[in-house]
Amino acid sequence: MFAEQKGAALADLKAIQQLDLNLLKVFESLYLEQNMTRTAERLHITPSAVSHAIKRLRECLQDPLFERSKQKMLPTPACQRMAPLIIDNLSRLRQILQLWGDFEPETSRHHFRIAMHDAIETAILPKLTRYLAKHAPNVTYASIKIERAQLSRELSAGHIDVVLDVAMPIKPPVLHKKLIDDDFSVLISNNHELVNQQKFKGGFSRKDYFSAKHISVSNRPSGAAIEDLLLQEQGLVRKTTIRCQSYQAAREIIRSENLILTLPTSIARRLQDETLQLIKLPFSLASIETHLYWHQNTEEDAALKWFREIFDTMTD
């Protein structure tokens, strides 16, 4: 039982003054993850170390902080009230420390964390790697995947530096700008029955498109793919028979099946080879925008400001 006597409160004040601030990093991560195992993985420590750290905080703050509910660690009312303030101040502290000293790309050993959909990797990462090899040879980066619902939280906590994703409604403290404006094309096998029709001359009709069987790509467990949402805006529906998680897998499938793949043109160009044809859509479809997202707390961080500017040079 947590003590509530005056003497205990005085002892707690002394404990707070002597608090190991590393415990707050564990607290922050557990609050965001709500799971001991994921917290341990994120911090590269053992679940036992996470449990021990939270126990020390509980004793210091005289509150359970988290209560187990099935697979989740849910915050107590006091924790729910105080956690956003603690996390905000940790973010501010990181911002201050990031501004310490000058940032020199040529000699820096900074490690950047980028969140993006794996479909964007083929368009962005080769260019980024070449740029860093030339201008910042000791800089490293990691490309990771996050849930869109966690974008603001992950940026705020400093777990990621920037996000590349489709345009979506978002407000400060997350800032963003458009990087890429991409239209859609179709990839189709040279062996597809449409290609072998006598009337086919590097393109097909609107009727052919909607009569054909399609494969779509989405890493979400359910819901329409982005191109289907755009088609629905025009009252159009296509016949999708297969759905997979990556464009690379979809490309391998359409090589031998009578299916066509609709995808952003920049990605289609990288996947096309001698066995596939790249065809313009036989109708107009709104383009897809890729935006760069970051937290306003990092606006003046010299390293992150330099890193964000790289993406402008790669998409000109």
Side-chain angles (χ1 to χ4, degrees), residues 1-100 110-115 142 144-163 172-174 293-299 301 303-304:
M1 179 178 290
F2 294 101
E4 296 179 355
Q5 293 143 349
K6 185 176 180 182
L10 291 174
D12 296 341
L13 178 59
K14 182 179 179 182
I16 289 173
Q17 291 172 339
Q18 298 174 346
L19 182 68
D20 180 355
L21 295 183
N22 284 319
L23 300 181
L24 296 181
K25 289 180 60 179
V26 180
F27 170 83
E28 173 192 41
S29 187
L30 184 57
Y31 179 78
L32 297 173
E33 293 290 344
Q34 297 187 356
N35 181 278
M36 286 279 194
T37 301
R38 289 200 300 270
T39 295
E41 292 172 350
R42 178 183 291 279
L43 298 177
H44 304 290
I45 59 178
T46 65
S48 177
V50 173
S51 180
H52 180 66
I54 296 302
K55 180 182 178 182
R56 290 172 61 191
L57 267 179
R58 282 170 169 159
E59 293 171 349
C60 178
L61 300 176
Q62 296 293 296
D63 187 86
L65 299 179
F66 299 94
E67 297 174 342
R68 187 176 297 278
S69 176
K70 296 182 180 179
Q71 298 300 315
K72 289 188 174 184
M73 296 295 290
L74 300 180
T76 63
C79 177
Q80 187 70 57
R81 185 176 69 254
M82 298 304 296
L85 297 174
I86 293 172
I87 292 173
D88 181 63
N89 278 282
L90 285 174
S91 297
R92 291 176 184 272
L93 180 58
R94 290 189 184 99
Q95 182 183 11
I96 292 170
L97 294 175
Q98 287 170 347
L99 295 174
W100 201 290
H110 200 101
H111 180 72
F112 295 99
R113 292 147 300 179
I114 321 160
I144 60 176
K145 184 183 293 185
I146 64 166
E147 296 293 330
R148 285 174 182 148
Q150 303 299 318
L151 183 150
S152 181
R153 178 181 290 182
E154 293 290 278
L155 286 172
S156 176
H159 294 149
I160 51 176
D161 298 315
V162 295
V163 178
V174 175
Y293 300 86
W294 68 96
H295 198 279
Q296 67 180 17
N297 283 348
T298 65
E299 270 284 89
D301 181 308
L304 294 180

Rounded to the nearest 0.5 Å, what separation is found between the CZ atom of Arg58 and the NZ atom of Lys55? 10.0 Å
Arg148: what forms a salt bridge (Lys or Arg N to Asp or Glu O under 4.0 Å) with it, not counting sequence neighbours? Asp165
Just so I know, are the side chains of Cys60 and Leu19 near enough to count as touching, which here means a heavy-atom distance under 4.5 Å? yes
In a table with atom names and distances, give each donor-acceptor pair under 3.5 Å that connects a side chain of residues 20-28 to protein atoms at least two apart or in another chain.
from: Asp20; atom 1: OD1; to: Asn22; atom 2: N; distance (Å): 3.0
from: Asp20; atom 1: OD1; to: Asn22; atom 2: ND2; distance (Å): 3.4
from: Glu28; atom 1: OE1; to: Arg94; atom 2: NH2; distance (Å): 2.7
from: Glu28; atom 1: OE2; to: Arg94; atom 2: NH1; distance (Å): 3.2

N/O donor-acceptor pair under 3.5 Å between Arg42 side chain and Leu30 backbone: no
Check side-chain contact (heavy atoms from CB on, under 4.5 Å) between Pro47 and all other residues, then give those that pass, not counting sequence neighbours. Ala40
Which atoms form the tightest heavy-atom contact between Gly158 and Arg113, and what is the distance? O-NH1, 3.0 Å
Is there a side-chain contact between Val163 and Leu155 (heavy atoms, below 4.5 Å)? yes
Judged by atom type as modelled, is there a donor-acceptor pair below 3.5 Å linking the side chain of Thr46 to the main-chain atoms of Ala49? yes
Listed partners of Ser156 passing side-chain contact (heavy atoms from CB on, under 4.5 Å), at least two apart: Ser91, His295
With Arg38, which residues qualify under salt bridge (Lys or Arg N to Asp or Glu O under 4.0 Å), at least two apart? Glu33
Under the rule for side chain to side chain donor-acceptor pair (under 3.5 Å), what residues qualify as partners of His111, not counting sequence neighbours? Thr140
I need the Ser51 OG to Arg56 CZ distance, nearest 0.5 Å. 12.5 Å
Student check: side-chain heavy atoms of Phe112 and Val162 closer than 4.5 Å: no
Looking only at heavy atoms, which two atoms of Trp294 and Asp161 are closest? And how far apart? CB-O, 4.0 Å
Measure from the side-chain N and O atoms of Gln62 to the backbone N and O of Glu59, and report whether any donor-acceptor pair falls under 3.5 Å. yes
Quick one: side chains of residues 68-84, donor-acceptor pairs under 3.5 Å with protein atoms, not counting sequence neighbours, listed by atom name and distance.
from: Thr76; atom 1: OG1; to: Asp63; atom 2: OD2; distance (Å): 2.8
from: Thr76; atom 1: OG1; to: Cys79; atom 2: N; distance (Å): 3.2
from: Gln80; atom 1: NE2; to: Tyr31; atom 2: OH; distance (Å): 2.7

In sequence, state the C-alpha distance, the side-chain angles, and the governing distance for Ile144 and Ile160, and then conclude on side-chain contact (heavy atoms from CB on, under 4.5 Å). CA-CA 9 Å; Ile144 60 176; Ile160 51 176; 3.2 Å; yes
For Leu61 and Leu65, which heavy atoms make the closest approach, and how far apart are they? CD1-CD2, 4.1 Å
